[in-house]
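Single-structure report; data block below.
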Amino acid sequence: MPASTALKPELDGFSVVAPSLGKGKYPLTTLTRYEAATNTLWVSDLRKWLFRLDGKLQVTDSVQLDSAPVDIALDNGTYRVLTIGVMDPSELKKGKLVQFSNAQSSRTPETLLEGLQRPAAMVVADLNEDNLQDIVVCNYGNNTGLLVWYKHLGQGKYQPVVLKNSPGARKAEVVDLDKGGRQDLVVLFAQGTEAIKVFYNKGEGEFEEKNLVQFPPVYGLRYFELADFNQDGFLDLLVSNGDNADYSPVLKPYHGIRILLNDGTNKFIEAYFYPMLGASKVLTRDFDKDGDLDIAAISFFPDFKNVPEKGFVYLREEKGLALTASTFAQSQMGHWLTMKAGDYDQDEDEDIILGSFTYTPAPPALQEKWRKEVQNIFVLRNQKVRKMKKVSALDKE
């Protein structure tokens, strides 16, 4: 289904909150992550700092690492933090996975894994059903890279198992995709592969690799989420295409946001496309609490000259994959690299946290604007449930 390209300039149902984190410092955000179990927002930057923010968006703690944090996970009271090692394209194996307890973030973290090749993401799960949490690391690399399953042997020991010897592993999700009773891995590969693959869990540490979706290299696959858009009981794919940093950095009309519906046999057919130049990350949630899925998306390579406001787009589903697009007035105050959803204000709806990374080629006027305004993160505070409760209270009166 083609989408309307009309873009409303105001974001209904959200207010914009601009925390003071990093005031006076050039925005270099590499991670934003909300942790519901502890009502904590984690934010990190290229300066190797990881900050802990409370529900009022105030910094309560921080820890400095040896390279920029790019992922974090909480496991039984222990935080695992993935550091990239080298941000720019590289074959160097300087990435690490470190850990610290919830009460010890100010201390020097313990190194759990090292020698990682420009890792981009991880996932923690018990893949072999031995009641021990394993770790899957996406070693993005550059010309070479690896998807590795670190099998937990107990007592903090891990055995690396290479699932795929290929660069570009960008994101992994653990889900029983074939409904076979075991945890499968769905993984996005970029760097010329441009595919979303599934590694079906066959038991006893064996996995079967299959392609779910394949794109041409110039489509620049960036991110995906699994969600049931048509409510038929099968997980669909929400995909963003928009990596424009490689060998053909020109605006591409086929970059954008795609919904691919599952036919029930894990074959995916494109059912919706929203053109969005340089589309990078996408999230889908029922933000407005009306029973269907909405989409938030950011672009790291928008058309700065003609439609710079498309650095952030919110797609609200009206009915049956008919979505209306809007943005917010301050959308050009940052160059959005990271985005996460979470109920940081604990009011029963999902907010959106954006992180700005402005160390990159952009028009001089925009670079100067970012230097002057210096906003590291924005929080789009969802007002939906709050308004619903207010209306309900008035009705009772």
Side-chain angles (χ1 to χ4, degrees), residues 7 9 11 14 16-33 41-49 51 57 68-71 84 87-89 120 140 170 190 220-223 240-246 249-252 255-257 274-283 295-314 325-341 351-380:
L7 186 67
L11 190 59
F14 291 84
V16 180
V17 181
S20 60
L21 175 68
K23 281 294 184 184
K25 293 184 178 180
Y26 203 46
L28 296 171
T29 308
T30 59
L31 167 71
T32 48
R33 180 65 50 83
L41 175 61
W42 294 98
V43 180
S44 69
D45 65 16
L46 194 60
R47 300 177 183 91
K48 310 172 189 177
W49 281 101
F51 299 97
L57 302 177
V70 291
D71 206 352
I84 196 167
M87 194 80 171
D88 294 331
Y140 191 98
R170 174 67 182 86
L221 191 58
R222 289 297 300 268
Y223 206 78
S240 62
N241 301 92
D243 188 356
N244 220 14
D246 294 321
V250 296
L251 300 177
K252 300 175 175 68
H255 278 181
I257 301 163
Y274 179 81
M276 186 175 179
L277 298 169
S280 49
K281 193 164 186 178
V282 284
L283 299 173
I295 296 169
I298 53 176
S299 169
F300 200 64
F301 301 97
D303 183 350
F304 287 116
K305 180 178 180 181
N306 298 305
V307 280
E309 63 273 15
K310 269 197 172 183
F312 171 86
V313 172
Y314 175 75
S326 58
T327 187
F328 64 104
Q330 302 95 321
S331 65
Q332 297 175 59
M333 286 181 64
H335 191 200
W336 312 119
L337 177 67
T338 70
M339 176 174 62
K340 268 294 179 181
D351 311 297
I352 301 170
I353 303 104
L354 301 173
S356 181
F357 188 95
T358 53
Y359 180 65
T360 186
L366 261 181
Q367 289 278 5
E368 184 64 22
K369 180 184 179 73
W370 292 331
R371 287 190 182 96
K372 288 181 178 179
E373 293 171 345
V374 188
Q375 190 61 49
N376 288 269
I377 64 171
F378 268 131
V379 177
L380 304 180

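Sequence positions, counted from 1, serve as the residue numbers for this chain.
- Leu41 is listed as a side-chain neighbour of Ile377, based on a closest heavy-atom distance under 4.5 Å.
- Inter-residue side-chain proximity for Arg33 and Asp71 is flagged as met; some heavy-atom pair is nearer than 4.5 Å.
- Looking at every heavy atom in both residues, Trp370 comes nearest to Gln332 through NE1-O, 3.1 Å.
- With contacts defined as side-chain heavy-atom distances shorter than 4.5 Å, the pair Lys25/Trp49 does not qualify.
- Looking only at distances, no side-chain donor or acceptor of Thr327 sits under 3.5 Å from a matching main-chain atom of Val313.
- Among all heavy-atom pairs drawn from Phe357 and Leu46, the shortest one is CZ-CD2, 3.9 Å.
- In this structure, a donor-acceptor pair under 3.5 Å is present between the side chains of Asn244 and Lys252.
- A distance-only check finds a donor-acceptor pair linking the side chain of Ser240 to the backbone of Ser280 [under 3.5 Å].
- Lys305 contributes no side-chain N or O that, together with a main-chain N or O of Pro363, makes up a donor-acceptor pair within less than 3.5 Å.
- Looking only at distances, no side-chain donor or acceptor of Asp351 sits under 3.5 Å from a matching main-chain atom of Ile353.
- At a cut-off of 3.5 Å, with distance as the only test, no side-chain donor of Thr338 or Thr29 sits close to an acceptor on the other residue.
- Of all heavy-atom pairs between Lys310 and Pro275, the closest is NZ-O, 3.1 Å.
- Proximity of Ile84 to Thr30: side-chain heavy atoms (C-beta onward) are nowhere separated by under 4.5 Å.
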Original post:
Stepwise, does the side-chain contact (heavy atoms from CB on, under 4.5 Å) test hold for Phe328 with Leu354?
Top reply: CA-CA 12 Å; Phe328 64 104; Leu354 301 173; 3.9 Å; yes
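- Although no hydrogens or angles enter the test, the distance criterion places a donor-acceptor pair under 3.5 Å between the side chain of Ser44 and the main chain of Pro69.
- To the nearest 0.5 Å, atoms CH2 (Trp42) and NZ (Lys340) are separated by 15.5 Å.
- What you find for Met276 and Ile257 is that their closest heavy atoms are SD-CD1, 3.7 Å.
- For Phe312 and Phe378, the distance between ring centers is not under 6.0 angstrom.
- Side chains of Leu28 and Arg47 form a contact here, defined as non-hydrogen atoms less than 4.5 Å apart.
- A heavy-atom distance below 4.5 Å is found between the side chains of Gln375 and Pro19.
- Annotation: side chain of Asn376 is not in contact with side chain of Asp45 (no heavy-atom distance under 4.5 Å).
- Of the inter-residue distances, the one linking Met333 atom CE with Thr358 atom OG1 reads 12.0 Å to the nearest 0.5 angstrom.
- Here the CZ-CZ distance, from Phe300 to Arg222, works out to 7.5 Å after rounding to the nearest 0.5 Å.
- Side-chain N or O atoms of Trp336 include none that pairs as donor or acceptor with a backbone N or O of Ala297 at under 3.5 Å.
- The OG atom of Ser356 sits 8.5 Å away from the CG atom of Leu337 when rounded to the nearest 0.5 Å.
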Original post:
side-chain contact (heavy atoms from CB on, under 4.5 Å) between Ile352 and Met339: does it pass, once the steps are laid out?
Top reply: CA-CA 7 Å; Ile352 301 170; Met339 176 174 62; 3.9 Å; yes
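- Taking each heavy atom of Ser299 and Ala279 in turn, the nearest pair found is OG-N, 3.8 Å.
- Taking 4.5 Å as the limit, every side-chain heavy atom of Val70 sits out of range of all side-chain heavy atoms of Tyr140.
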